[in-house]
Each structure stands twice: as structure tokens, then as C-alpha cells.
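Presented below is the structure to which this report refers.
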Amino acid sequence: MSTNYLNELNASQKEAVLCTEGPVMIVAGAGSGKTRVLTYRIAHLLSKDVDAFNILALTFTNKAARSMKEKITSLVGDHEARNLWMGTFHSVFARILRYEHDKLNYPDNFTIYDMDDAKNLIRSIVKQMQLDDKVYKPSTMLARISAMKTQLILHEAYRHNSQYMENDKSSGRPYFADIFETYCKRCFKAGAMDFDDILYNTSILLRDFPEVLYKYQNKFKYILVDEYQDTNFVQYVIIKQLAARFENICVVGDDAQSIYAFRGANIQNILNFKSDYPDVRTFKLEQNYRSTKNIVNAANSLITKNKNQIPKEIWTDNDEGEKIKVVRALTDNEEGMKVTRMIFESMMQFQMHPRDFAILYRTNAQSRAMEEALRKKNIAYRIYGGLSFYQRKEIKDLLAYFRLTINCHDEEAMKRVINYPTRGIGNTTIEKIIVAANDHNISLFTVMENLGDFQLEMNSGTRERISNFVTMIKSFSAMLPITNAYDLGNHIATSTGILKDLYNDKSPEGVSRYENIEELLGALKEFSTPAALSEGEQEFKPIDLPDDLDKTIAPAPPITDSPIPGETENGRNGETEKGKTLDVFMSEIALLTDSDKKEEPENRDHVSLMTIHQAKGLEFQHVFIVGMEENLFPNSFSMNSRDDLEEERRLFYVALTRAQKRSTLTFAATRFHRGSLNNSEPSRFLEEIDQKYMEFSHSADRDEWKEQRERWSVNTTDKTYDEPVFRKDTPLAAKYKAQAKQQTANPKPQAANKKLINATIAKYKPTTESQQHLKDLQVGMMVLHERFGNGKVTNLEGVFPNSKATVEFDTEGQKQLLLKFAKLQIVG
DNA sequence: GTGTAATGCTATTGG
DNA sequence: AGCATTACAC
């Protein structure tokens, strides 16, 4: 590779690229060539004979990883770049967990639950506990569980935190901890991880298995993390663990662009990087190459309203450019029309293309008005996000069959398709199966498979239908290793009757559903055709374990033959002679988002519609930021605290800095919301930008809308801009916030909980193993059951471990239990 | 157990 | 407004 690439960098960029050893923090302002620095840094490492095997680069989206990899490949060649590990936290560590699954007692084919799965599971838990789902709202419960896992607090630790417990009690949700625990257990039992589990489990894996930690510390000698300002605590811990040995850690970020606090991102990670790595070298990239002077200055003037920043001065050599235009519309629909008209006029006047424009909004719901207007004007557009392809009902249904085929214990997939297409297994039957499964702490599938072992009231017809269903799933599973993804997927779609079911529906929606299924099958076909080597086909070098291993880094690794990424335990590698298999496909799509989808070049010329969050890292010639209204942007949910409001402001900063040449802000005086028309007032953010960079179009005459604001206004008179009037925190909110702060202030509050967490993992050991002690169970013995309490064994039949015990419980009466499954303890 | 009609709920941002 | 759950008739 030529070394000329260094000439394409400015002084500070070059320094950041060349300083390859030790901890490095790159503070990169918007449009300062951050991606370029990252890619060149990696290319430079490779040119210095660092092996690609030894580099880990964590990006924010899979798409970013892909495009960076392409760029690096073009710099150093495919052979050099192929073995780079590059991807999102979730995709990289999901991959590692699939190799190391046995350590944590998960199956290698574990399912990844998405948010819908997680919420459905919580809903069913709440229902089963006979709690009110208005008090225990699934979305709220999930958010709390997620926040806890992000802080590395699992249910045992949670229960031992008296503050949490008391908060729950006083807020009327005393059973939260139980829901939390049941949720974790049900996920585990189903062989499933949610998004947070991927990170949580990774951190546990690295903490409790020194040989694994050692292996990955040694593998990833060079670690790069993009968008570091958006990492959360568990991600921070993982990075810290992996980097501990070599400390060749390079983080890139911009505190001004931290916009994910709502999902646990902790801006302190970047602000405190120095204290974690005292000998860190810091580089600042302050020259903006993207935007005009006007845009850069406007954005700068906005962000000064935030406190607590890494000091930096973003500047640009680019043209002065045009002022930021502010446009007012009467309604959201007119806003769409005006934006569309401006796009149309620019296309005519300046020979611009649809691809040069982006319409950014705060909430997905705003896309509709924009979409309608663009469609009327016949301008090509694409809406990112919203309901993505993989979230459509028909797709999820078929994928649920795929999931069951790969992991028959997947509870949410089972519930989804056990009676779709209808096969006469109704709700009452399903309820009975769920109850039995929970009583014995086993999966629904296990119950269905061994239906005769459970005393369930079901007629023979129902039993027959269940048995047929089980047989069908088993037949799919049997085909899995020997059939390529497309053939099996097609077989499943056909033989389950899904394809026929949708084909018979001739309504427009039905037709479109059918087409979606066809599209999925098309994707499968493309995937399974044996072609180029996939990313997965890599090998590890053999690992040498020196004797002088520093214990604090990776203590005393016993030499084991732990699995090596690139192979799977069952000896096959996800490929048949006819092509790649369905399980590989599923593991690859599980973590994809709408934005990750690659676009065919011929389809690329469209106006992009997306939320500001999704626009992060992108740039467009002309950016429209729509819905600049109080309560929408800043959003009403984010006006409770200064921190929240500052995040909204950073979000606006991100939006503004996407623009290369022009930026237009629009707002509507009235807007449809909840099906009714509401008045809205212009966003305070419009006044936070230094007005000399702004231009108010006639319709947005500043005095006029100021007057308008005053007419409706609540609390945004000039005085309040710097110190907005906030609603006071409720005592509870204040409490939670104080706790959160305390937790992040102390990076390792979890050490004390280690025992508890270990206990959890021990509990999750396979039942057959932990049930060994029941081998000697005799009639007359006293036993303890998790749910039923104390009881006496009155009868035993069958041969262990398939024996069945009849137990007379003190409180619950007589129950029949299978020793294979029941968690019984012998007492006394 | 199945299908349709009516009702009721809930609404940011997203791996 | 849109969706999910529920109620009711078959």
C-alpha cells in the first residue's frame, strides 16, 4: 500500500493516525473527518504489520462498519482487511457468545429476542402473576430491566438493594423484582437473549472465565471504538476488560453529539476517559470539512447553551454559505407541501438530485405528511426506520418458524405460530401448556414433546394436533444441517401453509404480504447460493499461554481447548454443499436495522426521510429539519430536567451539522396529533441560534410568530431561554436520578454483587445435572419445591431420571412431578 | 375453537 | 389514528 494516504490528512488527523500505541482519545467535531481518521488509522496499523486478526473496531451501525471495511479494503487490499473484526457492540459480542455459549450454559443457537418479544414475554408474566398491566406496564418494566442490566445489576443484586426495593414498594410496584427475575429465567429457559443480555453476558463471560478473557485480550491487541460518547456502562466495562492487557485503545467521539442517554449511554465515559487511562494522548479534530461557515457558526452558537463540554473550537475553511432559512407553515400538511416545493425548486434551479436532500424529524410519526407531499409531486423518497421489513407481521410469523426450527425452546416464537395458520390449538390449550411449562421450569416445546407425562385436561384431538405440530418442527430441525437456507425456508413457508394462506388473501394488504414473503425468500436465495466467502470464515491463531501472566489482567488461565471462532462445536460451519444454512442467516439478520440495509446504486437517488437519531454520521447537501415546535422538538418528554433538555439540544446540533450547503428549519402552527388538531408554538431552539446566521422567510416573519408565541405561550419568554422553567422532579424521580448518579460515579459498584451474580449463573446450570441428587429420592422423604413449598413424597414411579413423584404439599395439595424437570430439594 | 365486531388503550428517540 | 385485546355469535 502506498503511504501517500498520509498526505490526505491534516496535521491533527495525521497525528491521530500515527499514534498507534497506548490509549488515545480523539475528540472529533462534526464533519471533521472522523471516519477518515479511523479508516486510515486501521490501514496504517495494517501497513505496520499489525495482523488484522488483532484489530477490533466497534462502530455504531453495521452499515458504518461495512463502508469502513470497504474503504480499508480499497487501501490495503482484501487479503489484509478480510480478517478485521468490525461491527456494532451487539453483533461482535453476539458472535463471541455463540462461540463461548457453553461457558454460560446457553445453546450455541440462542435466539435474540427483539423488543416485541421482550414486551410480550413481560406481558404474559404480568398476566400470569395476576398483576395489573396498567400498573406494571410492559414497556415501563422492560425499560427498567434494561436500565438495570446496562448497569450490570441482575435480579438478585436488585433484591439486595433496599433502596430499589423500597422505591418499588412506595411507588406501588412491589413485584417488580419478581417480574425481573421471572423475565430473566424465562429468557434463559427459552435459550434467548435480549439486546441487553448480549452485552451483560459478555461482561460476565470476560469476568468469570480468565482463559476466555485472556484469549480475547490477546486477540484484540488494538481496539477502536467509534461514537464513544454513546456507550453505556456495560459497554464501558467490556472495553475496559478487553483493553486491560495492552491498553491500545483508541476511542473517537464528540461529547456534543451524545444523543443516546435515554438508552443508558453515559457521557461521562468520554468525559472521564482521562482518569481511566492517565497516560492517554488526546487529539482534537476541530476543522470541519463538511459545512459552510454559516452552518458551523450557527451550530457553535447553539451548543454553547449547554454546560459541561470538552472545550473545542470547531471552524471551517469552507464558503460563507447561505443563512439558515426558517419557514413557517399553517399545518403539518402544508409543512410537507412547502418542503416539497423547496426541494422541487432547488432541483430545477440548481440541477440538484433527490439524493441531495434529507428531511429530518424528531419523531417517526412526522414522516407521513412529508411522504404524502413528496408522493404528490412525484419526487423519489425513502423513509428509513419506522416499521422495518423485519418487523412486519407476516415476516415475523415466518421468522418465528425459522426460530423454532433453530431453537425449539424459543417461547415467543412458539406462542406466535403454534396456532398460525390456525390448526385448532386454541388459547385455552396454549394456557395449559404454559402453566405446565412454568410449573416445571421447562420450555413449552418440552411440554408438548412429552405431553403424556403431564396431567393436562385435553381431548385426544388436541393432543394429536400438538403432536403433529411437534413432529413438523422436528422435521424442520432435522433438515437444518443438510439443507440450504433457501430450500428449507421455502419448504417451511409452503408446508406450514403460510404461503397458501397469504396467497388466498386477495386484498391489497394480503397481496403485499405475499410479496413480502416472496422478498424474504428471495433474500434467502441470494444468501444461500454458494458464492464468496462470508465474513464468518476466519480462524484464530493458536494461543500461547505464558507463565508470567499478570493476574490482575487475566488471572491464571487454565489451558483449555476452548472453541475457536471460525468453527462451530458440531463440526460443521454453517454451510452445506448446496449453500449456507438457515441458522447462519438468522444470526446475521437478528441485529440488522433498517439503516443497515444496503442499497442498490440505481435505487439510491431519493430524498431521505429519517429521524435525527438515524441521521447521525450522515451528511446531505440540503437538510430540512421539520417540526421545530415546542413539545415536539424539544420533545415534551424531555423537558423535565436540564439534562434531558441538553440532550435535545445536542440532537438539534447533530441535525444542523448534517448539512453541507443549506439548512432549512420549518415549523407548523397547527399539527395533527392523537387524531385531533393542536396548536403549536415555534421551538425555543429557533431562538437559541445566533440570529445573525438565520433568515426568516416571509411566512415565518419573526415578529409575527413571536407574537403568535406570546399569544399561546406558556413559559418560553426570553428570560427563560438560558434557565428554562422546568417542572420539578417528583420525589421518586429525584431519588432515581440521585441513585443513577451515584452508580455512574462509582465505576465498580458491582464487585459486591459478584457472588450474587455467580449464584444466578450456577442456578442456570442444566437441570439434569443439578437434579442428580434426586436419584436417591424415596417415598416418605420431605422435599422443597420452588413454588409449592414443603411437601412429602407419597409415591414414586418410573426409572430415574424419568421417574415421576407424587408429592403431598403442605399448602398446595397433591402434585405429580417429573424429577427430570422439577426443582426439588430433599429436606432433612 | 374460530371469526368478526366493538371496545379500549396509548402515543419519543433505538441496538 | 391505529393497533391490540376483548366480547360475542357461530
Side-chain angles (χ1 to χ4, degrees), chain A residues 58-65 87-94 112-116 118-120 123-124 127 133-134 137-140 142-143 146 149-150 193-200 227 230-232 234-235 258-265 332 360-369 384-388 390-391 393 418-431 458-459 461-462 465 589-596 610-616 627 631-640 644 647-648 650-652 654-655 671-678:
Chain A
L58 296 167
T59 57
F60 200 71
T61 63
N62 291 299
K63 192 182 179 187
T88 61
F89 275 87
H90 288 90
S91 64
V92 165
F93 296 120
I112 295 172
Y113 273 177
D114 65 18
M115 285 237 300
D116 288 334
K119 272 184 210 162
N120 287 336
R123 194 170 293 120
S124 88
K127 194 172 166 189
D133 67 355
K134 271 149 225 143
K137 267 197 257 169
S139 52
T140 317
L142 181 60
S146 167
K149 284 187 189 163
T150 293
M193 295 192 197
D194 66 17
F195 290 132
D196 301 300
D197 288 330
I198 293 173
L199 302 179
Y200 177 85
E227 307 284 8
D230 285 324
T231 54
N232 59 32
V234 57
Q235 291 170 327
S258 156
I259 54 175
Y260 280 96
F262 74 89
R263 68 177 201 212
D332 44 1
L360 308 183
Y361 34 78
R362 177 66 233 269
T363 66
N364 280 307
Q366 291 166 256
S367 65
R368 175 175 298 221
Y384 292 79
L387 283 185
S388 82
Y390 290 109
Q391 294 182 329
K393 208 181 299 164
I418 186 169
N419 199 30
Y420 174 80
T422 44
R423 52 174 66 84
I425 307 177
N427 281 331
T428 36
T429 307
I430 297 170
E431 283 302 317
M458 259 175 220
N459 60 40
T462 309
R465 289 191 284 267
I589 64 158
L591 293 162
L592 285 187
T593 67
D594 201 33
S595 306
D596 293 325
M610 62 183 90
T611 64
I612 302 167
H613 283 91
Q614 285 169 321
K616 184 157 94 154
N631 296 321
L632 186 56
F633 193 25
N635 196 274
S636 55
F637 286 91
S638 306
M639 295 212 256
N640 295 325
D644 285 351
E647 178 150 316
E648 293 283 301
R650 290 193 295 268
L651 194 56
F652 186 34
V654 168
R671 180 175 294 279
F672 267 102
H673 191 52
R674 295 159 91 179
S676 63
L677 198 62
N678 296 90

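When every heavy atom of A/A615 is checked against every heavy atom of A/L360, the shortest pair comes out as CB-CD2, 3.7 Å. The two atoms that bring A/T429 and A/M458 nearest to each other are CG2-CE, 3.7 Å, heavy atoms only. For A/V234 against A/L199, the heavy-atom pair with the smallest separation is CG2-O, 3.5 Å.
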request  = Give the C-alpha distance, both sets of side-chain angles, the deciding distance and a yes or no for salt bridge (charged side-chain N to carboxylate O under 4.0 Å, His left out) between A/D197 and A/K149.
outcome  = CA-CA 7 Å; A/D197 288 330; A/K149 284 187 189 163; 2.9 Å; yes

key: CA sep, side-chain torsions, deciding dist, call: A/R362, A/E648, side-chain contact (heavy atoms from CB on, under 4.5 Å)   = CA-CA 9 Å; A/R362 177 66 233 269; A/E648 293 283 301; 2.5 Å; yes

Intermediate values then yes/no, side-chain contact (heavy atoms from CB on, under 4.5 Å), A/F195 and A/L591 = CA-CA 9 Å; A/F195 290 132; A/L591 293 162; 3.5 Å; yes

query = Taking protein heavy atoms under 4.0 Å as touching, what does nucleotides 6-15 of chain B look like 5' to 3' if B marks base contact, S marks sugar-phosphate-only contact and - marks none?
reply = -----BBBBB

remark   = Heavy-atom contacts, protein to nucleotides 4-10 of chain C, under 4.0 Å, summarised as B (base), S (sugar-phosphate only) or - (none) per nt, yield -S-----

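Counting only N and O atoms by type, the side chains of A/S367 and A/N364 include no donor and acceptor under 3.5 Å apart.
Nucleic acid contact for A/R368: sugar-phosphate only, since backbone atoms but no base atoms lie under 4.0 Å from a heavy atom of the residue.
What separates CD of A/E431 from C1' of B/dG1 is a distance of 15 Å, to the nearest Å.
Every residue meeting the salt bridge (Lys or Arg N to Asp or Glu O under 4.0 Å) condition with A/R671, not counting sequence neighbours, appears here in chain and number order: A/E335, A/E629.
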